[in-house]
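Just below is one structure, and these are the notes that go with it.
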Amino acid sequence: MTDLTAGVAGLSLGFTLIVAIGAQNAFVLRQGLLKAHVFAVSSVCFLSDALLIVVGVMGLGSLIKQSGTMLLVATLGGAGFLLVYGAFSLKRAFGNESMGTSSEDGRNLKNAILVCLALTWGNPHVYLDTVVLLGSLSARYSESGQIAFAAGAVFASGIWFYGLGYGAQYLAPIFAKPVAWRVLDIAIWIVMWGIAIRLISESGVF
């Protein structure tokens with residue numbers, strides 16, 4: 001597999017994991033709607049994500065790569081995680097979720113950054129997505145491929161967080177409607193299950 005393939009894989013998987021709506025994304029979206037400290041909040045999320053991605057890919061990914069058994073377990077484990085994650089997205093698609101902006105005030109810079117840090121580093125899913133999952137799946141590539149994979153995932157993170165923050169004002173009318181969340185979650189489900197099926201196929205187990 002070429003470095004370009006690895007980079008595209010990191011980009012697509014990075015987007016898939018980041019786009020899954022959670023407390024962190026909700027806060028960034030809300031700050032964007034308020035037009036309050038958008039750059040600072042988006043940067044905290046992006047830099048935190050980038051650091052965790054690099055730690056996962058260059059640390060855990062390299063460790064797993066040294067063992068064929070660990071690589072197989074990591075690949076199947078990652079596929080299983082994506083299947084479960086996708087299933088939750090599909091479940092959410094049939095709920096009624098919409099974004100609100102009437103919670104605590106986020107116009108104070110210090111408070112906004114503290115809340116953002118808490119939502120980012122206090123969420124266990126952040127470590128599962130970046131360090132464990134991305135780090136494990138990157139082990140399938142060569143050393144240069146791992147760098148490309150990490151770069152793709154970091155690039156996806158930057159596009160998402162800054163795009164979400166600054167594009168929020170245009171998304172507000174759309175995501176006030178439950179149908180928008182359904183479409184988004186269904187798309188996440190399709191992509192996650194697609195990646196999971198490909199990983200299982202490439203593992204050679206079935």
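Starting from 1, each residue takes its place in the sequence as its number.
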Cluster check Leu114, Phe46: I/L/V/M/F/W/Y, side chain < 4.5 angstrom: no
Considering all heavy atoms, the nearest Phe27-Val115 contact: CE1-CG1, 3.6 Å
Heavy-atom side-chain contact between Trp160 and Asn25 under 4.5 Å: yes
Nearest-0.5 Å distance that lies between atom CD in Gln24 and atom CG in Leu117: 10.0 Å
Non-hydrogen side-chain atoms of Trp121 and Val44 separated by less than 4.5 Å: no
Cluster overlap Ile197 with Val8, hydrophobic side-chain contacts below 4.5 Å: no
Single-linkage hydrophobic cluster, 4.5 Å side-chain cutoff, Leu76 and Val84 together: no
Side-chain heavy-atom pair Phe88, Asp185 within 4.5 angstrom cut-off: no
Heavy-atom side-chain proximity of Phe39 to Tyr162 below 4.5 angstrom: yes
Check: Gln31 side chain, Val38 main-chain N or O, donor-acceptor pair, under 3.5 Å: no
Least distance between heavy atoms, His37 atom then Leu109 atom: NE2-N, 3.2 Å
Val57 to Gln146 - nearest heavy-atom pair and separation: CG1-O, 3.4 Å
Distance-minimising heavy-atom pair for Val41 and Cys116: O-SG, 3.7 Å
Working for side-chain contact (heavy atoms from CB on, under 4.5 Å), residues Phe149 and Leu11: CA-CA 7 Å; Phe149 183 92; Leu11 180 68; over 6 Å; no
Least distance between heavy atoms, Thr120 atom then Ser48 atom: CG2-CB, 3.6 Å
Nearest-0.5 Å distance that lies between atom CD1 in Ile53 and atom CE in Met58: 10.5 Å
Nearest non-hydrogen partners of Trp193 and Leu82, listed with the distance: CD1-O, 3.9 Å
Atom pair CZ (Phe94) and CD1 (Ile186), whose distance is rounded to the nearest 0.5 Å: 5.5 Å
Any Leu164 side-chain heavy atom under 4.5 Å of Ser42 side chain: no
